[in-house]
Chemist: 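Here it is: the structure, laid out below.
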Amino acid sequence: MKKYLTTEINSALKKIGIESADLQFDKPKEEKFGDLSANIAMMLAKELKLPPRKIAQDILDNLQIDPAKISKVEIAGAGFLNFFISDNYYRDVLPLIMEAGNDYGRSDLNKGRTANLEWISANPTGPLHTGHGRAACLGKSISNLLEWTGYKVTREYYYNDAGNQMNNLAKSVYARYMQIIDSSFDFPEDGYVGDYVKEIAANIYHEKADSLKGNFDSDYFMSEGEKFTFNLIRGTLDRMGIKHDLFFNESSLYEDGTIKKTIIELKDKELAYDLDGAVWLKMKPEEGFQKDKVIVKSTGEPTYRLPDMAYHIDKIRRGYDLIVDIFGSDHGDTYKEVLYGVKNLGYDDSRIKVIIHQMVTFRMGDESVKMSKRSDKVYSLDELIDDIGVDATQFFFIMRGANTHLDFDIELAKERSDKNPVYYLQYAHARTCGILRNAEEHLKDAVSPSNDNVLINLLVNQDEIRLMKVLNRFPEEVANSAASFEPHKIINYLNELAESFHRFYHNNRIVDPEKSKSRWQEFCFAKLRSKYSKTALRS
RNA sequence: GCGCCCGUAGCUCAAUCGGAUAGAGCAACAGCCUUCUAAGCUGUAGGUUACUGGUUCGAUUCCAGUCGGGCGUACCA
């Protein structure tokens with residue numbers, strides 16, 4: 001439709017002597033402003049030194065429009081051209097939706113392009129906690145959205161099963177193991193106090209009894225701990241329907257010499273230097289950095305920056321058209337340092353898109369819920385899912401823009417009432433299911449919805465047309481949401497869809513054995529298709 | 001102190017590249033259940049978009065400053 005209007009408006013512009021213009025269409029907020037509006041007259045006002053409304057009138061006078069597509073064009077406000085799409089146009093949309101079925105909303109905008117999305121990437125030191133939830137859900141939705149617009153998506157999880165944190169886990173497991181034998185055994189001060197550590201220790205004791213007593217075999221305890229916690233993490237991801245294609249282990253970067261090569265490259269380009277036994281990354285003030293950063297500690301161990309740079313270079317070399325990272329705002333500064341290194345080593349960082357989400361505050365009603373990694377009161381993601389379900393979890397984490405602080409009321413999410421925003425959507429879905437059940441029972445002989453297009457012409461009711469208008473926007477909403485990496489837009493859209501459905505439902509008896517049967521059923525099916533699409537994106 | 005992010009109805013938040021009278025849900029108030037789930041629908045009320053200035057046909061949106069909040073500011077990740 002936009003294409004059609006663009007062509008027609010351009011030819012009208014030519015008649016009044018304007019060769020080319022950048023045409024933009026908006027969806028007006030209010031129905032009385034039509035279905036599409038163009039601000040072209042205001043854009044040209046300055047250039048032509050004419051009042052916008054005058055220009056709009058000139059365009060309108062020269063515009064030739066097919067009334068089957070556009071029923072009305074108006075000039076309004078400061079000089080908007082408002083187009084009213086004819087009802088007939090929407091009637092034609094329904095068969096298209098029916099035909100597309102569960103794929104309705106997919107597009108091939110990015111056909112042939114590849115994307116890599118890396119997210120969560122928690123090290124195997126413990127179960128995922130609620131703090132991981134937002135990134136987990138954002139990543140899931142965004143990867144689906146990208147896929148829906150044609151990308152071939154690689155979902156990746158980056159982790160490190162070596163280093164300090166893992167040592168700490170090994171020590172913690174060992175301490176818990178020793179405590180089974182001797183309850184007075186000291187627990188490390190910064191150890192992981194979660195109950196899962198006790199469980200790991202108990203498993204070890206079950207298998208090995210006290211044969212490991214007094215002999216801290218770090219590698220053994222570490223690998224037992226890793227196996228166990230990784231299973232926990234994967235179990236949670238499974239429940240959420242998150243499937244990573246690739247688990248990338250940081251240690252592989254050491255094994256194949258990438259890390260060493262990266263240091264040499266940095267030094268060759270005079271981006272790194274030795275000082276006090278450490279290796280420093282030289283930060284350029286003109287790129288907004290205040291001071292140099294350590295990339296290899298004096299102990300010989302790299303800081304996170306170095307492997308992260310090597311990792312991103314690896315991803316760039318793999319040739320993706322788009323590389324997406326999802327981090328919490330606590331990484332807000334550090335990713336810049338990493339990209340700085342990547343870029344100054346001569347790699348193209350323009351394909352890397354970093355999504356930073358703000359922190360989440362959890363509360364149960366009026367009570368705030370703390371979650372610190374090293375306290376035993378961690379509220380795990382699994383517990384959250386147990387409490388409110390997978391769908392509500394996904395919904396709450398993506399219902400707000402990533403760049404705003406999220407206030408997550410667990411009490412509210414748990415509640416089975418109209419206070420809970422999840423239920424508005426779920427109820428719409430429940431209603432469609434109810435209709436379908438009913439339809440099956442009473443309309444067994446109805447015409448099959450897939451090949452009876454004649455009945456569609458019966459769609460005349462304004463509630464129906466309105467619902468069609470919203471359904472019609474779905475592909476566009478998916479595309480917008482994907483392009484800006486903002487799944488919450490889909491949530492907003494689905495709310496709007498649910499709203500127009502509820503109104504329609506309320507005003508119209510859909511399955512009525514006395515009346516024309518299957519046009520309603522058609523509608524119902526269309527509705528359900530879109531609901532499935534929602535499911536595909538969300539859960 | 002410095003850097004990044006945020007500040008919109010009583011609460012939680014939307015608002016497309018700078019577009020029209022700033023929108024939803026909850027809470028409040030008034031209605032609607034012999035009818036496919038009232039977990040719903042209809043209506044009313046609620047705002048100096050933190051504040052001050054600037055840019056222009058037009059600013060919640062862009063710029064500068066002020067105030068308030070979050071996150072960083074490690075030889076932790």
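The figures here come from the full heavy-atom set of this structure, side chains too, leaving out hydrogens, waters and symmetry mates. Here is how names work: the chains are called A, B, and so on, in the same order as the sequence lines, proteins then strands, and each is numbered from 1.
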Chemist: Is there a side-chain contact between A:Lys291 and the phosphate of B:A74, meaning an N or O under 4.0 Å from OP1 or OP2?
Modeler: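 Answer is yes, contact under 4.0 Å.
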
Chemist: Between A:Asn420 and B:A39, does any side-chain N or O lie under 4.0 Å from OP1 or OP2?
Modeler: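 For B:A39, neither OP1 nor OP2 has a side-chain N or O of A:Asn420 closer than 4.0 Å.
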
Chemist: In chain order, what residues pass the side-chain hydrogen bond (donor to acceptor under 3.5 Å, both in side chains) check against A:Asn472, with sequence neighbours excluded?
Modeler: none

Chemist: Which of these nucleotides, B:C5, B:G19, B:A14, is closest to any side-chain atom of A:His405?
Modeler: B:C5

Chemist: With respect to the side chain of A:Thr303, which nucleotide from B:C75, B:C41, B:A27 is positioned closest?
Modeler: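 For A:Thr303, the side-chain atoms sit closest to B:C75.
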
Chemist: Think A:Lys297 has a side-chain N or O under 4.0 angstrom from the OP1 or OP2 of B:C76?
Modeler: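 For A:Lys297, the contact criterion (side-chain N or O under 4.0 Å from OP1 or OP2 of B:C76) is met.
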
Chemist: Of the nucleotides B:A74, B:C75, B:G40, which one has an atom closest to the side chain of A:His506?
Modeler: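 Among B:A74, B:C75, B:G40, the one nearest the side chain of A:His506 is B:G40.
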
Chemist: Looking only at side-chain atoms of A:Phe80, point me to the closest of B:C57, B:A15, B:A20.
Modeler: B:A20

Chemist: How long is the straight-line distance from CE of A:Met166 back to NZ of A:Lys171, given to the nearest 0.5 Å?
Modeler: 13.0 Å

Chemist: Counting only N and O atoms by type, is there a donor-acceptor contact under 3.5 Å from the side chain of A:Asn420 to the main-chain atoms of A:Ala413?
Modeler: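 Yes.
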
Chemist: Contact class for A:His502 (heavy atom, under 4.0 Å): base, sugar-phosphate, or nothing?
Modeler: sugar-phosphate

Chemist: Could you tell me whether A:Asp333 contacts a base, only the sugar-phosphate backbone, or nothing, with contacts defined as non-hydrogen atoms closer than 4.0 Å?
Modeler: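 Result for A:Asp333 = base.
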
Chemist: Does the base of B:G72 carry an N or O that pairs as donor and acceptor with the side chain of A:Asp330 under 3.5 Å?
Modeler: no

Chemist: When Watson-Crick pairs (N1 to N3 and N6-O4 or O6-N4) and G-U wobble pairs (N1-O2 and O6-N3) count only below 3.5 Å on both distances, what is the dot-bracket string of RNA chain B, with | for other-strand pairs?
Modeler: (((((((..((((.....[...)))).(((((.......))))).....(((((..]....))))))))))))....

Chemist: Taking syn as within 90° of 0 and anti otherwise, name the glycosidic form of B:C5.
Modeler: anti

Chemist: When all nucleic acid strands are considered with a 4.0 Å heavy-atom cut-off, which category describes A:Ser484: base, sugar-phosphate, or nothing?
Modeler: nothing

Chemist: Counting only side-chain heavy atoms from C-beta out, which of B:U12, B:C71, B:C6 sits nearest to A:Arg363?
Modeler: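 Side chain of A:Arg363 sits closest to B:U12.
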
Chemist: Quick check: any donor-acceptor pair below 3.5 Å linking the side-chain of A:Ser37 to the base of B:A20?
Modeler: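 It does, because a donor-acceptor pair links the side chain of A:Ser37 to the base of B:A20 below 3.5 Å.
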
Chemist: Should A:Arg305 be listed as having a side-chain N or O under 4.0 Å from OP1 or OP2 of B:C75?
Modeler: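 Checking B:C75 against A:Arg305, no side-chain N or O comes under 4.0 Å of OP1 or OP2.
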
Chemist: Any donor-acceptor pair under 3.5 Å linking the side chain of A:His312 with the backbone of A:Asp308?
Modeler: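 It does hold such a pair.
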
Chemist: Is the gap between the ring centers of A:Phe362 and A:Tyr379 under 6.0 Å?
Modeler: no

Chemist: Heavy-atom count around A:Lys260 NZ within 6.0 Å, excluding the residue itself: above 12?
Modeler: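 Not buried by this count: 12 neighbours or fewer within 6.0 Å.
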
Chemist: What distance, rounded to whole Å, do you find between the two P atoms, one in B:C63 and one in B:U12?
Modeler: 26 Å

Chemist: Categorize A:Asn82 for me: base, sugar-phosphate, or nothing, with a 4.0 angstrom heavy-atom threshold over every strand shown.
Modeler: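 Base, at least one base heavy atom under 4.0 Å.
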
Chemist: Report yes if at least one side-chain N or O of A:Tyr423 is closer than 4.0 Å to OP1 or OP2 of B:A38; otherwise report no.
Modeler: no

Chemist: From the set B:C36, B:C75, B:G70, return the single nucleotide nearest to any side-chain atom of A:Trp280.
Modeler: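 Nucleotide nearest to A:Trp280's side chain: B:C75.
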
Chemist: On the side chain of A:Ser298, is there an atom forming a donor-acceptor pair with the base of B:C75 - under 3.5 Å, no angle test?
Modeler: yes

Chemist: When you measure only distances, ignoring hydrogens and angles, does the side chain of A:His331 come within 3.5 Å of the base of B:G72 through a donor and an acceptor?
Modeler: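 Result: no qualifying N/O pair found.
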
Chemist: If the test is ring-ring contact (aromatic ring centres under 6.0 Å, His included), which one of A:Tyr159, A:Phe248, A:Tyr304, A:Tyr254 qualifies with A:Tyr311?
Modeler: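 It is A:Phe248; the other options fail the test.
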
Chemist: When you check the side-chain N and O atoms of A:Asn123 and A:Thr125, is any donor under 3.5 Å from an acceptor?
Modeler: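 No pair is found: no donor N or O on one side chain lies under 3.5 Å from an acceptor on the other.
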
Chemist: Looking at every strand, decide which applies to A:Gly277 at a 4.0 Å heavy-atom threshold: base, sugar-phosphate, or nothing.
Modeler: nothing

Chemist: When you match A:Asn403 and A:Lys419 each to their closest nucleotide on RNA chain B, which lands nearer the 5' end?
Modeler: A:Asn403

Chemist: For a quick check, tell me whether the side chain of A:Asn39 and the base of B:A20 share a donor-acceptor pair closer than 3.5 Å.
Modeler: no

Chemist: What form does the base of B:C11 take, syn (within 90° of 0) or anti?
Modeler: anti

